[in-house]
Undergrad: 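Okay, handing you the structure first.
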Amino acid sequence: MRGIVFMMALLLVGQIGVSAQPYLLVQTVPLEARSVALGKEVIIFLDDRGVGIYNGSITYLTYEENSRLIQSNEVFIQAGNSLKEFSKGLKEIAKCDKCTFYPYSRDLIAVYEDGFLKIIKNGSEVLRIKFPVRELSWSEDGSSLSILGYNKVALLDLSGIKWAKEIRTHLLDVEVEKDLVHVYMKGCNVYTFDERGILKWMEDLCGCCALGKLYSDSGHLYVLTSNMKLSILNSSTGKVIQEIPVKGYDVVAREGIILVRTGDGAVHVLADWSRAEVKGVSGGLLIKWSLPYWVKGRLRAIVDGESKEVEVGRITFIRTKGLGEHLVILKDSLGQNVSISVRTYPLVVNLGMDGEIEVDGEGNFSIEYEGRLLPLRGTVKVDTGFGPYYTVKIYNYGILVGEYSSANLKFFLIVAALIFLSMVFCYRLFRPKKV
């Protein structure tokens, strides 16, 4: 029901704003990943062959046994006693025997060792506390972090523990957004505590006992129930914004992209549709979607009752039947869809008898004449030949939108000249002779 209400709210919107959602599944990358992270321009993953990156193709960087991939402000990898930062390669930034690293950045790192949690900032220890650590999460700005013990959760800043709370149930994961701590518990319950440790909201997502993961980004909380779905919540209120029927075991997000790792290691790529733009132009509609260059997925668009393929992350032009309002439905492979209404505009083409062509409309036009494709900016003039008329094809964003013909002035001038010469010849041939 939530999904129906949400999709109805999107109806009749020509250009969706940047308020986020819905997310649509745009690509599934066939990896065999054990864990996955999202860099600024690539997917980073671990599999049996080592550390790999995907940016349209797969490249392996190194193989190190028992590696651990860490998604934070940047992407890090712990291999044995070494912590490495991923940039264009892997660079070691810290070493510690029998430690577990929880970095926020190369200059701000939490280290868990022998029951103690240490915070290292710019190479100096700024905090040391005794606390059991099973999971740890940094806030987006690095000002706070939350710790999940076996039945205990705490909020810290760089000066110490702000609050700690014992929760007598099985705790699965924790995420923090500055002073909001989200705890995922057995039974698919999410509890969120404020900066004083007071319960702000709770959400029972499905009453199940499946394993799950949390991830927070830019005011949204992503709750993955391994064998059921991905739920997207407003992190301040707990309101469910969208539920996506995708199954997986890891979830990470960054700048309008969500990655969900499936049980067989493939990676679903979901993209925030609010970052797309659909607008009407002359003869059709234009779909733009600002996505990383490596995203190479496709959606189906239903326009005027006909199904078209849309290549996401690229500019797609779809020719429409007639002008005015058109209902556009975009679907992903999960059956999710977005419906929007778009108005298309007329195309005015003026063909001069002398071969001068002018096109007035909205778009990026080119013309085809006698097999040659010419860009059209303002006016263009073609050689009309000697036939009684000439014909050109008009393209918008490379798609044919019309074929137009005009009488050829050159032909009529030639005909008129021939008629005149014929009349002169006949006059001279048949004029009366002087006696």
Side-chain angles (χ1 to χ4, degrees), residues 23-95 100-109 138 140 213 215 217 222 224 230 246-272 275 289-299 309-316 332-333:
Y23 278 87
L24 298 180
L25 177 62
V26 295
Q27 184 182 12
T28 298
V29 184
L31 303 176
E32 297 178 354
R34 297 197 312 268
S35 60
V36 65
L38 182 57
K40 292 180 179 178
E41 296 181 348
V42 295
I43 295 174
I44 303 100
F45 64 93
L46 290 177
D47 66 11
D48 292 338
R49 286 158 288 189
V51 180
I53 62 173
Y54 175 83
N55 58 357
S57 60
I58 297 173
T59 303
Y60 284 95
L61 300 179
T62 183
Y63 176 79
E64 295 185 72
E65 196 172 355
N66 299 322
S67 295
R68 174 172 154 261
L69 192 58
I70 307 160
Q71 175 92 47
S72 190
N73 186 46
E74 300 294 338
V75 178
F76 301 87
I77 294 169
Q78 180 173 353
N81 63 358
S82 175
L83 178 66
K84 298 181 179 182
E85 179 188 33
F86 175 86
S87 53
K88 293 183 179 179
L90 293 174
K91 182 177 181 181
E92 184 176 85
I93 59 173
K95 292 188 75 170
T100 304
F101 293 101
Y102 298 94
Y104 169 76
S105 67
R106 64 179 299 125
D107 300 318
L108 183 58
I109 303 171
W138 284 97
E140 278 190 88
K213 296 292 290 183
Y215 197 84
D217 178 65
Y222 305 94
L224 180 65
L230 173 68
V246 61
K247 301 176 183 180
Y249 291 87
D250 281 328
V251 56
V252 292
R254 182 196 288 268
E255 297 176 356
I257 295 288
I258 304 174
L259 301 184
V260 174
R261 182 183 63 87
T262 68
D264 60 2
V267 177
H268 294 312
V269 181
L270 299 108
D272 184 352
R275 294 172 181 250
W289 201 342
S290 178
L291 292 175
Y293 71 94
W294 51 264
V295 179
K296 301 181 183 297
R298 286 171 170 78
L299 298 174
E309 188 176 81
V310 175
E311 189 176 0
V312 301
R314 312 293 185 269
I315 295 177
T316 300
D332 67 8
S333 59

Undergrad: Apply the test side chain to side chain contact (heavy atoms under 4.5 Å, CB included) to residues Val260 and Leu224: give CA-CA distance (whole Å), side-chain angles for both, the deciding distance (0.1 Å), then the verdict.
TA: CA-CA 8 Å; Val260 174; Leu224 180 65; 4.1 Å; yes
Undergrad: Take Phe76 and Gln71, measure what side chain to side chain contact (heavy atoms under 4.5 Å, CB included) needs, and give me the verdict at the end.
TA: CA-CA 7 Å; Phe76 301 87; Gln71 175 92 47; over 6 Å; no
Undergrad: Ala79: which residues meet the side-chain contact (heavy atoms from CB on, under 4.5 Å) condition with it, sequence neighbours left out?
TA: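 side-chain contact (heavy atoms from CB on, under 4.5 Å) list for Ala79, sorted by chain: Glu64, Ser67.
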Undergrad: Sequence neighbours excluded, which residues qualify as side-chain contact (heavy atoms from CB on, under 4.5 Å) partners of Thr28?
TA: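 Here the qualifying residues are Leu25, Ala266, His268.
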Undergrad: Check salt bridge (Lys or Arg N to Asp or Glu O under 4.0 Å) between Asp264 and all other residues, then give those that pass, not counting sequence neighbours.
TA: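 Asp264: no salt bridge (Lys or Arg N to Asp or Glu O under 4.0 Å) contacts found.
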Undergrad: Have a look at Leu24 and tell me which of Val312, Asp332, Val269 forms a side chain to side chain contact (heavy atoms under 4.5 Å, CB included) with it.
TA: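 Of the listed options, the one satisfying the test is Asp332.
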Undergrad: Table please: side-chain donor-acceptor pairs of residues 30-44 below 3.5 Å, with sequence neighbours left out.
TA:
from, atom 1, to, atom 2, distance (Å)
Arg34, NH1, Asp47, O, 3.0
Arg34, NH1, Asp48, OD1, 3.1

Undergrad: With sequence neighbours excluded, tell me which residues meet side chain to side chain donor-acceptor pair (under 3.5 Å) with Ser82.
TA: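 Counting only residues at least two positions away or on another chain, Ser82 forms a side chain to side chain donor-acceptor pair (under 3.5 Å) with Glu92.
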Undergrad: Which pair of non-hydrogen atoms, one from Gly56 and one from Trp294, has the smallest distance, and what is that distance?
TA: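 Scanning both residues completely, I find the closest heavy atoms to be N-CB, 3.6 Å.
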Undergrad: For Arg68, check side-chain contact (heavy atoms from CB on, under 4.5 Å) against everything at least two apart and list the hits.
TA: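 Ile70, Gln78, Thr100, Tyr102.
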Undergrad: Quick one: CD on Gln27 to CG on Leu299, what's the gap to the nearest 0.5 Å?
TA: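 If we round to the nearest 0.5 Å, Gln27:CD and Leu299:CG are 11.0 Å apart.
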Undergrad: Could you check if a side-chain atom of Val26 sits within less than 4.5 angstrom of a side-chain atom of Trp289, using non-hydrogen atoms only?
TA: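 With C-beta onward as the side chain, the pair touches.
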Undergrad: Not counting sequence neighbours, which residues clear side chain to side chain donor-acceptor pair (under 3.5 Å) with Asn81? List them please.
TA: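 In terms of side chain to side chain donor-acceptor pair (under 3.5 Å), with neighbours along the sequence ignored, Asn81 is linked to Asp97.
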Undergrad: Taking side chain to side chain donor-acceptor pair (under 3.5 Å) as the test, write out the residues that go with Asn55, two or more places apart.
TA: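 Asn55 satisfies side chain to side chain donor-acceptor pair (under 3.5 Å) with Tyr293 only.
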Undergrad: Indicate yes or no: at least one non-hydrogen side-chain atom of Leu230 is less than 4.5 angstrom from one of Ile258.
TA: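 Side-chain contact under 4.5 Å: yes.
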Undergrad: With sequence neighbours left out, write down each residue that passes ring pair (Phe, Tyr, Trp, His ring centres under 6.0 Å) with Trp138, or none if nothing qualifies.
TA: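 Applying ring pair (Phe, Tyr, Trp, His ring centres under 6.0 Å) to Trp138 gives Tyr104.
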Undergrad: Say you draw a straight line from CZ of Arg298 to OG of Ser333; how long is it, rounded to the nearest 0.5 Å?
TA: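 So the gap between those two atoms works out to 13.0 Å.
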Undergrad: Is there a side chain to side chain contact (heavy atoms under 4.5 Å, CB included) between Asp217 and Glu140? Walk through the geometry before answering.
TA: CA-CA 7 Å; Asp217 178 65; Glu140 278 190 88; 3.6 Å; yes
Undergrad: Consider only side-chain N and O atoms of Tyr249 and Arg261, and report whether a donor and an acceptor are under 3.5 Å apart.
TA: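 Side chains of Tyr249 and Arg261: no pair found under 3.5 Å.
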Undergrad: Using the test side-chain contact (heavy atoms from CB on, under 4.5 Å), find all partners of Lys91 that sit at least two apart in sequence or belong to another chain.
TA: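 Testing Lys91 for side-chain contact (heavy atoms from CB on, under 4.5 Å), a comparison that skips the adjacent residues, returns Arg106.
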Undergrad: Is there a side-chain contact between Val267 and Phe45, using heavy atoms and a 4.5 Å cut-off?
TA: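 No, side chains not in contact.
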Undergrad: After noting the C-alpha distance and the side-chain angles of Ile109 and Ile93, does the key distance pass the side chain to side chain contact (heavy atoms under 4.5 Å, CB included) rule?
TA: CA-CA 10 Å; Ile109 303 171; Ile93 59 173; 4.2 Å; yes
